[in-house]
Amino acid sequence: MYNASATRYDNMKYNRTGKSGLLLPAISLGLWHNFGGNDLFENGRAMARRAFDLGITHFDLANNYGPPAGSAEESFGQILKKDLAPYRDEMVISTKAGYYMWAGPYGEWGSKKYLVSSLDQSLKRMGLDYVDIFYHHRPDPNTPLEETMAALDLIVRQGKALYVGISNYNPEQTREAAQILRRLGTPCLIHQPNYSMMSRWIEDGLQDVLAEEGIGSIVFSPLQGGILTDRYLNGIAPDSRAAGPSVFLSEDAITEEKIAKVRKLNEIAAARGQKMSQLALSWVLRGGKVTSALIGASKVSQIEDAVASLNAPELSAEELEQIETILRG
């Protein structure tokens, strides 16, 4: 029988999400990879339990996470049932809809039909009455934004989600979505964009919009799919994601130019007593603009390393300038 650690809140840092009352852990756990039906259940279970013991209260999913699609939610539902159900009120559980999920005209994008149906399916897979955050996963170029936002508002009013957010929206889309939701009476809580040392698009306007609108941010891929770790410093290992069948990181993405930068960044990390992955997390969380860094993991030690990054001192102005020089090439 699992009993959560009595010290689970002692060392985690919690940040306020925009102008809301919701606090999120500085490190959150994403179930995009390694929790699907093709993965070892007991490994995912061990990672979820250890994450919670370390103060990670936020678990992030989506309807299509797996593979196969839907299986990450099913696996997480089993973890809840076996271990975490007694702690449901201490947890923030999120899911999303927007990408392809089932055949036909109602199985993707942003219609009210799709979003409401998808969340109903997600709740059933996880064995939940509600999620804490429900996201529209990507902008829909064909459905009026008013309809998509009205669906999010409806879902909150139905009691199926406490908060709503958006993901992968550009600055202009984000501002418009936030204004529509505010008029409807269901504020936009949070935005989930990708952000890392090597993917900095949110600095070009989105972070300003989020600050002006009072919206939090949780950034995915802060380690750039594993590139910003020590994993590829000496080439592509046979058991790495880049060498495997993943469509999200190929060997072509591991360029010598990128790895040369990571080697230099790793020297800064070592001087700080950090691993490269820990430096990358310290960097995305610098300055308080990002509410939470959303990590993926394939083993428990990676989660432990990520949480340990919060114990490091703030990056100094000199260190930030050194990092900037390296990233500029």
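Hydrogens, waters and symmetry mates play no part in the numbers below; they use all other heavy atoms, side chains included. On a predicted model such as this, the values are computed, not experimentally measured, just so you know.
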Undergrad: Other residues, nucleotides and ligands only: do more than 12 of their heavy atoms fall within 6.0 Å of CG on Asn38?
TA: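 Result for CG/Asn38: enclosed.
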Undergrad: Once rounded to the nearest 0.5 Å, what's the spacing between atom NZ of Lys261 and atom CD1 of Ile323?
TA: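 Atom-to-atom, Lys261:NZ and Ile323:CD1 are 13.0 Å apart.
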Undergrad: For His191, run the side chain to side chain contact (heavy atoms under 4.5 Å, CB included) check against Val219, Leu210, Thr291, Ile218 and tell me which one passes.
TA: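 When Val219, Leu210, Thr291, Ile218 are each tested with His191, the side chain to side chain contact (heavy atoms under 4.5 Å, CB included) holds only for Leu210.
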Undergrad: Side chains of Ser221 and Asn194: do they bring a donor and an acceptor to under 3.5 Å?
TA: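 Judged by distance alone, the side chains do not pair up.
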Undergrad: Any ion pair linking Glu321 and Arg328 (charged N to carboxylate O, less than 4.0 Å)?
TA: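 Between Glu321 and Arg328 there is a salt bridge, with a charged N closer than 4.0 Å to a carboxylate O.
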Undergrad: Is the number of heavy atoms from other residues, nucleotides or ligands under 6.0 Å of Glu318 CD greater than 12?
TA: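 Not buried by this count: 12 neighbours or fewer within 6.0 Å.
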Undergrad: Is there side-chain contact between Trp201 and Leu206, with at least one heavy-atom pair below 4.5 Å?
TA: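 Touching, per the 4.5 Å side-chain cut-off.
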Undergrad: Below 4.0 angstrom, N of the basic side chain to O of the carboxylate: do Glu304 and Arg50 qualify?
TA: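 Salt bridge: yes.
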Undergrad: Judged by modelled atom types alone, do Glu213 and Thr174 share a side-chain donor-acceptor pair under 3.5 Å?
TA: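 Per modelled atom types, Glu213 and Thr174 side chains form no pair under 3.5 Å.
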Undergrad: Mind checking whether Tyr9 and Phe52 have parallel, tilted or perpendicular rings, split at 30° and 60°?
TA: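 Aromatic pair Tyr9/Phe52 classed perpendicular.
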Undergrad: Are any non-hydrogen side-chain atoms of Ser28 and Leu294 less than 4.5 angstrom apart?
TA: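 Yes, close enough: below the 4.5 Å cut-off.
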Undergrad: State whether the number of non-hydrogen atoms from other residues, nucleotides or ligands found under 6.0 Å of Asp10 atom CG is greater than 12.
TA: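 More than 12 heavy atoms, drawn from other residues, nucleotides or ligands, come within 6.0 Å of this atom.
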Undergrad: With Asp83 as reference, evaluate Arg45, Met1, Gln78 under the side chain to side chain contact (heavy atoms under 4.5 Å, CB included) test and give the passing residue.
TA: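 Single pass found, and it is Arg45.
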Undergrad: Please determine if Arg182 and Glu176 form a salt bridge, counting it only when a charged side-chain N lies under 4.0 Å from a carboxylate O.
TA: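 Glu176 and Arg182: not salt-bridged.
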Undergrad: Considering only NZ, NE, NH1 and NH2 on the basic side and carboxylate oxygens on the acidic side, decide whether Glu267 and Lys264 come within less than 4.0 Å.
TA: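 Salt bridge absent between Glu267 and Lys264.
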Undergrad: Flag yes if more than 12 heavy atoms outside Glu324 fall under 6.0 Å of its CD atom; otherwise flag no.
TA: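 It does: Glu324 CD has more than 12 such atoms within range.
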Undergrad: Between Lys124 and Glu73 (salt bridge meaning N to carboxylate O under 4.0 Å), is one present in this structure?
TA: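 Salt bridge absent between Lys124 and Glu73.
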Undergrad: What pairs of donor and acceptor atoms, side-chain ones from residues 105-113 against any protein atom, are under 3.5 angstrom apart with sequence neighbours left out?
TA:
unit_1 : atom_1 : unit_2 : atom_2 : d
Glu108 : OE1    : Arg138 : NH2    : 2.9
Ser111 : OG     : Tyr114 : N      : 3.0

Undergrad: Check whether the ring centres of Phe76 and Phe35 lie less than 6.0 Å apart, and answer yes or no.
TA: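 No, ring centres 6.0 Å or more apart.
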Undergrad: Indicate whether any N or O donor in one side chain lies under 3.5 Å from an N or O acceptor in the other, for Asp60 and Trp32.
TA: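 Judged by distance alone, the side chains do not pair up.
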Undergrad: Without hydrogens or angle criteria, can the side chains of Lys258 and Tyr232 be said to hold a donor-acceptor pair below 3.5 Å?
TA: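 No.
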Undergrad: Ion pair present between Asp53 and Arg8, side-chain N to carboxylate O less than 4.0 angstrom?
TA: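 Salt bridge between Asp53 and Arg8, a charged N being under 4.0 Å from a carboxylate O: no.
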Undergrad: Rounded at 0.5 Å granularity, tell me how far CD in Gln192 sits from OG in Ser94.
TA: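 Answer rounded to 0.5 Å: 6.5 Å.
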Undergrad: Does atom CD of Gln158 have more than 12 heavy-atom neighbours, drawn from other residues, nucleotides or ligands, at distances under 6.0 Å?
TA: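 Count over threshold, so yes.
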Undergrad: Compute both the distance and the angle, then confirm whether Arg88 meets the cation-pi test with Tyr130: under 6.0 Å from the six-membered ring centre, within 45 degrees of the axis.
TA: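 Yes, Arg88 lies over the aromatic ring of Tyr130.
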Undergrad: Does the side chain of Glu90 pick up a donor-acceptor pair with the side chain of Thr57 at under 3.5 Å?
TA: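 There is no such pair between these side chains.
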Undergrad: Check the hydrophobic clustering (I, L, V, M, F, W, Y; side-chain heavy atoms under 4.5 Å; chains of links allowed) and say if Ile133 and Ile56 are grouped together.
TA: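 No, Ile133 and Ile56 fall in different hydrophobic clusters.
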Undergrad: Give a yes or no on this: more than 12 heavy atoms of other residues, nucleotides or ligands lie within 6.0 Å of atom NZ of Lys275.
TA: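 At most 12 heavy atoms, drawn from other residues, nucleotides or ligands, come within 6.0 Å of this atom.
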Undergrad: With side chains defined as the heavy atoms from C-beta onward, is the minimum distance between Lys160 and Asp129 less than 4.5 Å?
TA: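 No - every pair of side-chain heavy atoms lies 4.5 Å or more apart.
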Undergrad: I'd like to know if the side chain of Ser309 pairs up with that of Gln274 as donor and acceptor (distance under 3.5 Å, no hydrogens or angles considered).
TA: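 Side chains of Ser309 and Gln274: no pair found under 3.5 Å.
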